[in-house]
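Just so you know, residue 1 is the first one in the sequence shown, and it goes up from there.
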Amino acid sequence: MIYESEHPLVKHKLTLLRDHRTEPKKFRELIQELAMLLAYEATRDLRVAPKTVETPLGIAQGHELLDKIGLVPILRAGLGMVAGIWQMMPAAEVWHLGLYRDEKTLQPVSYYNKLPTTPTVQVCLVLDPMLATGGSAVAAVDVLRKWGAARIKFVGILAAPEGVEVLQSAHPDVPIYLAKIDDHLNERGYIVPGLGDAGDRQFGTG
Ligand code: PRP
Ligand code: URA
């Protein structure tokens, strides 16, 4: 399943995010806001149990969330997607995965993973703004699958058609939530028109 947002707020914020004049502070705010809007869609099917609550005027039939959620940002760029989502789901666990893309081979290189031996959450949201060749996303989902995670969803911001295809064929059961699928990858594996390097633009390291 691929979800490409048609929401006006997402479209507006994505345009500001792409703009080469957008400074790191604003860029980080936009990443947070887009992550919240996309996580809202990605969590539509979380399970709830009935729960009654006493209001000042009576008893209301309500619900409580049953699923325990893990936010799994791929370092570095995925880090910026955590804060906003975490505000909405303060009980979520955050598990970091360190992966970088080798500049020459474009293959993901793993450098950090401290997952405990058995899964502690039912639903994992893999967070990375950029799905380019798809190598990093596939490697992250591989790790979570090996860990035993039952339900995994990928929440990104921009993707290249090539990356969507690679992630879908490696993990057809992982739904992909995006603001937009762009045109193509260039010869250096960058999404075009894209937004440049999402890690550098957030952390001011470009
Ligand atoms: C970027 C991005 C993804 C990866 C996507 O990270 O945040 O993790 O590239 O590319 P792929 O789909 O071709 O694997 P990068 O390797 O630049 O690391 P950084 O976030 O630490 O800068
Ligand atoms: N990583 C980025 O940050 N941007 C791209 O366009 C591709 C990979």
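In this structure, Ala132 and Gly189 approach most closely via the heavy-atom pair CB-O, 3.6 Å. Nearest heavy-atom pair, Gly80 versus Gln202, reported as atom, atom and distance to 0.1 Å: CA-OE1, 3.2 Å. Between Val164 and Ala159, the closest heavy-atom pair is CG2-CB, 3.7 Å. Of all heavy-atom pairs between Leu125 and Ala42, the closest is CD2-CB, 4.5 Å. Considering all non-hydrogen atoms of both residues, Val192 and Asp182 come closest at O-CB, 3.6 Å. Closest of all the heavy-atom pairs between Pro119 and Ala149 is CG-N, 4.1 Å.
Put simply, the side chain of Trp95 never gets that close to the backbone of Lys114: no donor and acceptor are under 3.5 Å apart. Not a single donor-acceptor pair under 3.5 Å links the side chain of Arg201 to the backbone N or O of Gly206. In terms of modelled atom types and a separation under 3.5 Å, the side chain of Thr43 and the main chain of Leu46 share no donor-acceptor contact. Between the side chain of Glu165 and the main chain of Pro161, no donor-acceptor pair closer than 3.5 Å is present. Distance alone, capped at 3.5 Å, places no donor-acceptor pair between the Glu64 side chain and the Ala49 backbone. Distance alone, capped at 3.5 Å, is enough to place a donor-acceptor pair between the Trp147 side chain and the Pro116 backbone. Formation of a donor-acceptor pair under 3.5 Å by the Lys13 side chain with backbone atoms of Leu30 is not found in this model. For the pair Asp128 (side chain) and Met130 (backbone), a donor-acceptor distance under 3.5 Å is present. A donor-acceptor pair is defined here as one N or O able to donate and one able to accept, closer than 3.5 Å; such a pair exists between the side chain of Asp67 and the backbone of Arg47. Judged purely by atom type and a 3.5 angstrom limit, Gln107 has no side-chain atom pairing as donor or acceptor with the backbone of Gly135.
One distance of note links SG of Cys124 with CG of Leu144; it measures 5.0 Å at 0.5 Å rounding. The NE2 atom of His96 sits 11.0 Å away from atom CG of Leu115, with the distance rounded to the nearest 0.5 Å. Note that OG of Ser110 is 7.5 Å distant from CG of Leu97, once rounded to the nearest 0.5 Å. Atom OG1 of Thr205 sits about 3.5 Å away from atom CG of Asp200, to the nearest 0.5 Å. Note that CZ of Arg28 and CD of Glu33 are 13.0 Å apart. Values are rounded to the nearest 0.5 Å. Note that CG of Leu71 is 6.0 Å distant from CD1 of Ile85, once rounded to the nearest 0.5 Å.
With sequence neighbours left out, the ring-ring contact (aromatic ring centres under 6.0 Å, His included) criterion links Tyr40 to no other residue.
At a threshold of 4.5 Å between side-chain heavy atoms, the hydrophobic network of Ile, Leu, Val, Met, Phe, Trp and Tyr places Ile69 and Leu127 in one connected group. Hydrophobic clustering, with ILVMFWY side chains joined whenever heavy atoms are under 4.5 angstrom apart, groups Leu158 together with Val82. Under a hydrophobic-cluster definition in which Ile, Leu, Val, Met, Phe, Trp and Tyr are linked whenever side-chain heavy atoms come within less than 4.5 Å, directly or via other members, Trp86 and Val155 are assigned to the same cluster. Under the 4.5 Å side-chain heavy-atom criterion for grouping Ile, Leu, Val, Met, Phe, Trp and Tyr, Val123 is connected to Leu65 within one hydrophobic cluster. Follow the hydrophobic side-chain contacts under 4.5 Å out from Val109 and you reach Tyr111 in the same cluster.
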Ile152 vs Val126, side chain to side chain contact (heavy atoms under 4.5 Å, CB included): CA-CA, chis, key distance, verdict: CA-CA 7 Å; Ile152 303 171; Val126 176; 3.8 Å; yes
Residues Lys11, Glu6; criterion salt bridge (charged side-chain N to carboxylate O under 4.0 Å, His left out); working and verdict: CA-CA 7 Å; Lys11 291 180 174 181; Glu6 284 297 328; 2.9 Å; yes
Should Phe203 and Leu79 be marked as a side chain to side chain contact (heavy atoms under 4.5 Å, CB included) after you check the CA-CA gap, both sets of side-chain angles, and the distance that decides it? CA-CA 10 Å; Phe203 295 105; Leu79 270 183; 4.2 Å; yes
Given salt bridge (charged side-chain N to carboxylate O under 4.0 Å, His left out), test Asp19 with Arg21 step by step and report yes or no. CA-CA 5 Å; Asp19 192 327; Arg21 294 166 301 185; 2.7 Å; yes
Run Asp173 and Lys153 through salt bridge (charged side-chain N to carboxylate O under 4.0 Å, His left out) and show every step you take. CA-CA 9 Å; Asp173 54 338; Lys153 296 161 180 256; over 6 Å; no
Intermediate values then yes/no, side chain to side chain contact (heavy atoms under 4.5 Å, CB included), Val48 and Leu66: CA-CA 5 Å; Val48 289; Leu66 281 182; 5.8 Å; no
Passes side chain to side chain contact (heavy atoms under 4.5 Å, CB included), Tyr177 versus Met1? Steps please. CA-CA 8 Å; Tyr177 295 84; Met1 197 285 287; 3.3 Å; yes
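Taking a 6.0 Å sphere around NE2 of His184, one finds it holds more than 12 heavy atoms contributed by other residues, nucleotides or ligands.
In this structure, Tyr3 and Leu38 have side chains that are in contact, with non-hydrogen atoms separated by less than 4.5 Å. The side-chain heavy atoms of Arg151 and Asp45, taken from C-beta on, include a pair separated by under 4.5 Å. Counting heavy atoms from C-beta on, the side chains of Leu17 and Leu14 come closer than 4.5 Å. The shortest side-chain heavy-atom distance between His7 and Leu34 does not fall under the 4.5 Å cut-off. Counting heavy atoms from C-beta on, the side chains of Val10 and Glu4 never come closer than 4.5 Å. Two residues are said to be in side-chain contact when any heavy atoms from C-beta on lie closer than 4.5 Å; Leu195 and Thr22 fail this criterion. Side chains of Val141 and Phe154 form no contact here, defined as non-hydrogen atoms less than 4.5 Å apart. Counting heavy atoms from C-beta outward, Leu178 and Ile157 have side chains that stay 4.5 Å or more apart.
Using modelled atom types and a 3.5 Å distance limit, the side chains of Asp142 and His171 yield a donor-acceptor pair. Remark: the Glu93 side chain and the Thr120 side chain contain an N/O donor-acceptor pair separated by less than 3.5 Å.
In this structure, Arg101 forms a cation-pi arrangement with Tyr190, its terminal cationic atom sitting closer than 6.0 Å to the ring centre and no more than 45° off the ring axis.
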